[in-house]
Amino acid sequence: MSDYSPREIEKKWQSAWAKDNVDQVTEDKKKEKYYCLEMFPYPSGKLHMGHVRNYSIGDVFARYKKMRGYNVLHPFGWDSFGLPAENAAIKNNIHPAQWTYKNIDEMRRQMKDMGFGYDWTREVMTCHKDYYKWEQLFFVKMLNKGLAYKKKSTVNWCEDCKTVLANEQVQDGKCWRCGKNITTKEIEQWFFKITNYAQELLDGCDKLPGWPERVLTMQKNWIGRSEGAEVDFAIKGVKDTKLRIYTTRPDTIFGVTFMSIAPEHPLTASLCKGKPQEKEVLAFVDKIRRTSKIERTAEGGVKEGVFTGSYAINPLNNEEIPIYAANFVLMDYGTGAVMAVPGHDTRDFAFAKKYNIPIKVVIKADWMSANPTDAELKDAYVEPGIMVNSLEFNGINSELAISKISDYIESKKLGKKTINYRLKDWGISRQRYWGCPIPVIYCDKCGMVPVPEKDLPVVLPEDAKLTAIGDNPLSKIDSFVNVKCPKCGGMGHRETDTMDTFVESSWYYARYTAPKDEPSGINKEKAAYWLPVDQYIGGIEHAIMHLLYARFFHKVLRDFGYLTGDEPFKNLLTQGMVIKDGHKMSKSLGNTVDPDYIINKYGADTARLFSVFAAPPEKDLDWNDHGVEGCYRFIGRIWRFIDNNSSIWNEMKGISVLSQNVSAANLSPEIKKLRSFTHKTLKKVTSDIDIFGLNTAVAAMMELVNEIYKIDVSKINKDDKKVLKEVTEILVLMLTPFAPHASCELWNELGNDGMAIQHIWPSVDEKAVIEDHKLIVVQINGKVRAKMEIPTGTSEEKVKKIAFADVNVKKFIEGKEIKKVIYVEGKLLSIAVSGS
RNA sequence: GCCCGGAUGGCGGAAUGGCAGACGCAAGGGACUUAAAAUCCCUCGGUUCUUACGAGCUGUGUGAGUUCGAGUCUCACUCCGGGCACCA
């Protein structure tokens, strides 16, 4: 063997693996399955270190599981629809498809250079009709079930470019292309009724013990279940119309001193009609309508409102209360109208102070008087307390009053108890070209008609002219738009909206189980064998949207009979970002590191090793070029050790030594110690990988190599050599998931046939791990004063006796009173003393 | 504003309530070499005392607390990062 030159051996092994199809899997009922999945990438053009890290973590884990004997599904694909392809198309005058496929080819080459063990026969590309036609089928089914529907909704709109803008295309409230202030526009859009599943998605959070707690917390908060009541307030001087509000605090209803309604509320216009305030209110509504969604939420909490001129009547005490239109009330949450209680809500309090609205206390804390002065009431009192100023409810606890008042409201038919969710339906319409066409045709006679299953896929036409201005390019392709109605045969026109790319990534994990399958898109038997995904790995940025949408889709596909089980991902690992120079690595900041450079200089094994060694997977990784060198040296040290001792491996050729029962009698003490250390390391590496402690697993292997280097190989006997081979084999096998190329090479160099990656994971010789001596630390008043090597199993009495005989211990307890002695078996003796 | 994280040497990081700083990087020293690179070995939180061997004190963002014992648990605070849909 020669010097470690990674690129040569990596190419050699990559082609050997490909030739033998080592990573292809089929359903095998005899083996336990394991589905390991990393989030698929958007083919932006080049792999970045974030990808390298994500896929290295996944590959270590998948290879480890294979060595543990599982039937491992480890697939890969491309999330290949989306906005960047359209932008590139406009900028470089290249078709989005061409740009995308070119990027995929380049990135696939890089992925293969990294030596990731994917079953490439299962590769999917979401922009291919063989993938998205199934999505169109699911859409039609959802439409028929009422899970897909259309409603009016607002989008960012640039008046100059006459185009809809994604949030990303709005910068500081301005159009990124022309710089003009953007406005909003109401258009008909498609939605998925994810809210139908709100409760199940919430309940499911408690059935996912393999997910990080913080991701579940975020999802729960996002779904945002709240219990409250809807109450109808009459409007003074208006007969049939009532103003319906939603509140989570019915206990504060006697403290209402004004009402806030959303500017877009359908009643706003009529409430101010003919009043002196009409002009002002309409101007306010117009201003809010024109502010973009982003701006409106990014205003930094400036609360604004105008009095509409109308009054509502509190149904519980008949008080007249002014109605305000307010910028902070949202039309798409609750009922779009809020009863405002400044005495017990901080936001209402601030608003009341600003507009000089009275503040009324209805819940009293111990320190409060029933009618506190302004000086006394510096802020809203939001805690529970005793009810006051609330007629027959006075004197009871406010928490009890919530249900009492709700019951009262229901019994008097003034409103009803309700459960609300913050979760909104998922808007999937995009006025974009590079996406999955929504399979619907509009006919003057028959109305909206879904495309029949036999006519799917609705193929995205290739001859689109992409520009940054004007309507969706699809709407300008006559051959696409003008089609016959599937129902009556008369002329109709196609829907030109395409779907949000989150739709593609919501079910790809299921498609991988049978990626070529016809005619249903998901093969039930194969999906049932492989799903759920046992380990899902991806960035924390997908903690809410992607993961929630995929969970939703899984439930929908389950209800359609495609899938079994309620959840798609059993265990989830959210990995941190790759940081350089204090910032997230990104093209725009110019602090990217090219993986090709690392691979060419140090090899894929080093790149893989470093990306899992430098930080624990869940944490952000601070990239440092020097650190890479250390991992390269580590592989080099193993390489040289094996190379320098080839005579030993030759001598041992054909002798199986792995985890043998070695008779300790003939071994020299150092070798005996080394064997024990090796099995301890194996135990640690195994349990570390199981819990994704990949950085400490690598550190443990480095320690083992340091120990191996302490052995003087020239002085060891024949039995010692056997053990040395065992030790080295265990090391190489442990290294295999991390650095598969070098490991395969070294495995053969040790005189073994076959591939290390197909070898079974070594097992721990528990006997070798047992220690005959234990190190006992002696603490006096919490400070370490002595360390003692004591034979394992020594009695507490004897340990104490030895400790108290220690010179240093004596020094620190001399002349002092011993208050307490605590012994922790085989570990520590703690002595508490007092006095001087 | 709300929610979720985090803070340990010059740096990345390690530590079931039990020896703080494993492992790696950087730095310094030595061996090998004509030399350099590579490699191999040693030292490496701060500080005081000691010729030395060594011994002591101090130290995990700040301040309290619980405990024989706290980086780890509790409370209050400071700073940093991430997320957000002003949620009635």
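Since we're looking at a predicted model, the values are computed, not measured. So you know, we letter chains A, B, ... as the sequences are listed, proteins then strands, and number each from 1. Only heavy atoms go into these numbers, but all of them, side chains included; no hydrogens, no water, no symmetry mates.
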To the nearest Å, how far apart are [X] [atom1] and [N] [atom2]?
X	N	atom1	atom2	answer
A:Asn221	B:G5	CG	C1'	14 Å
A:Phe349	B:G1	CZ	P	17 Å
A:Tyr709	B:C41	OH	P	7 Å
A:Glu618	B:G82	CD	P	19 Å
A:Glu707	B:C41	CD	C1'	15 Å
A:Glu304	B:C86	CD	P	15 Å
A:Asn706	B:A14	CG	C1'	15 Å
A:Tyr333	B:C86	OH	P	12 Å

[N] and [M]: how far apart are their [atom1] atoms, nearest whole angstrom?
N	M	atom1	answer
B:C19	B:C32	P	41 Å
B:C25	B:U43	P	15 Å
B:C73	B:U60	C1'	16 Å
B:C68	B:U50	C1'	32 Å
B:A37	B:A27	P	12 Å
B:G18	B:G24	C1'	26 Å
B:C23	B:G17	C1'	24 Å
B:U62	B:C84	P	32 Å

So which nucleotide from [options] ends up closest to the side chain of [X]?
X	options	result
A:Thr248	B:A88, B:A14, B:C87	B:A88
A:Thr217	B:C4, B:A14, B:A88	B:C4
A:Arg633	B:C68, B:C57, B:A26	B:A26
A:Ile822	B:C86, B:G18, B:C19	B:G18
A:Val824	B:A88, B:G18, B:A14	B:G18
A:Arg214	B:C68, B:C25, B:C4	B:C4
A:Arg637	B:C87, B:G18, B:C40	B:C40
A:Lys827	B:G13, B:A88, B:G18	B:G18
A:Phe328	B:G24, B:C86, B:C87	B:C86
A:Glu703	B:C23, B:U58, B:C19	B:C23

| said: Any donor-acceptor pair, under 3.5 Å, between the side chain of A:Gln779 and the base of B:G69, if you only look at N and O atoms? | reply: no
| task | Determine whether any donor atom in the side chain of A:Arg249 lies under 3.5 Å from an acceptor atom in the base of B:A88, or the reverse, and answer yes or no. | result | no
For [X], report the nucleic acid contact type (base, sugar-phosphate, nothing); a contact means any heavy atom under 4.0 Å.
X	value
A:Phe634	nothing
A:Phe812	sugar-phosphate
A:Ile831	nothing
A:Arg785	sugar-phosphate
A:Asn420	nothing

Who is the Watson-Crick or G-U wobble partner of [N], with both distances under 3.5 Å?
N	answer
B:U34	none
B:C77	B:G61
B:C23	B:G12
B:C84	B:G1
B:A55	B:U48

Would you call [X] and [Y] a salt bridge, using N to O less than 4.0 angstrom?
X	Y	result
A:Lys819	A:Glu817	no
A:Lys360	A:Glu319	yes
A:Lys287	A:Glu304	yes

| said: Syn or anti for B:G63? Use the chi torsion, O4'-C1'-N9-C4 for purines and O4'-C1'-N1-C2 for pyrimidines, with syn inside 90° of 0. | reply: anti
Look at the side chain of [X] and the backbone N and O of [Y], then say whether any donor-acceptor pair between them is shorter than 3.5 Å.
X	Y	result
A:Thr268	A:Ala262	yes
A:Asp605	A:Ala742	yes
A:Thr308	A:Ile323	yes

| field | 5′-ward residue of the pair A:Lys684/A:Ser226 relative to RNA chain B | value | A:Lys684
| query | Mapping A:Ala700 and A:Ala337 to their closest nucleotides on RNA chain B, which lands nearer the 5' end? | reply | A:Ala700
| task | State yes or no: are the ring centers of A:Phe258 and A:Phe351 separated by less than 6.0 Å? | result | yes
| request: Would you mind reporting whether A:Pro212 and A:Leu572 have side-chain heavy atoms less than 4.5 Å apart? | output: yes
| ring pair (Phe, Tyr, Trp, His ring centres under 6.0 Å) partners for A:Tyr823, two or more places apart | none
| query | Looking at A:Lys783, does any N or O in its side chain come under 4.0 Å of the phosphate oxygens OP1/OP2 on B:G56? | reply | no
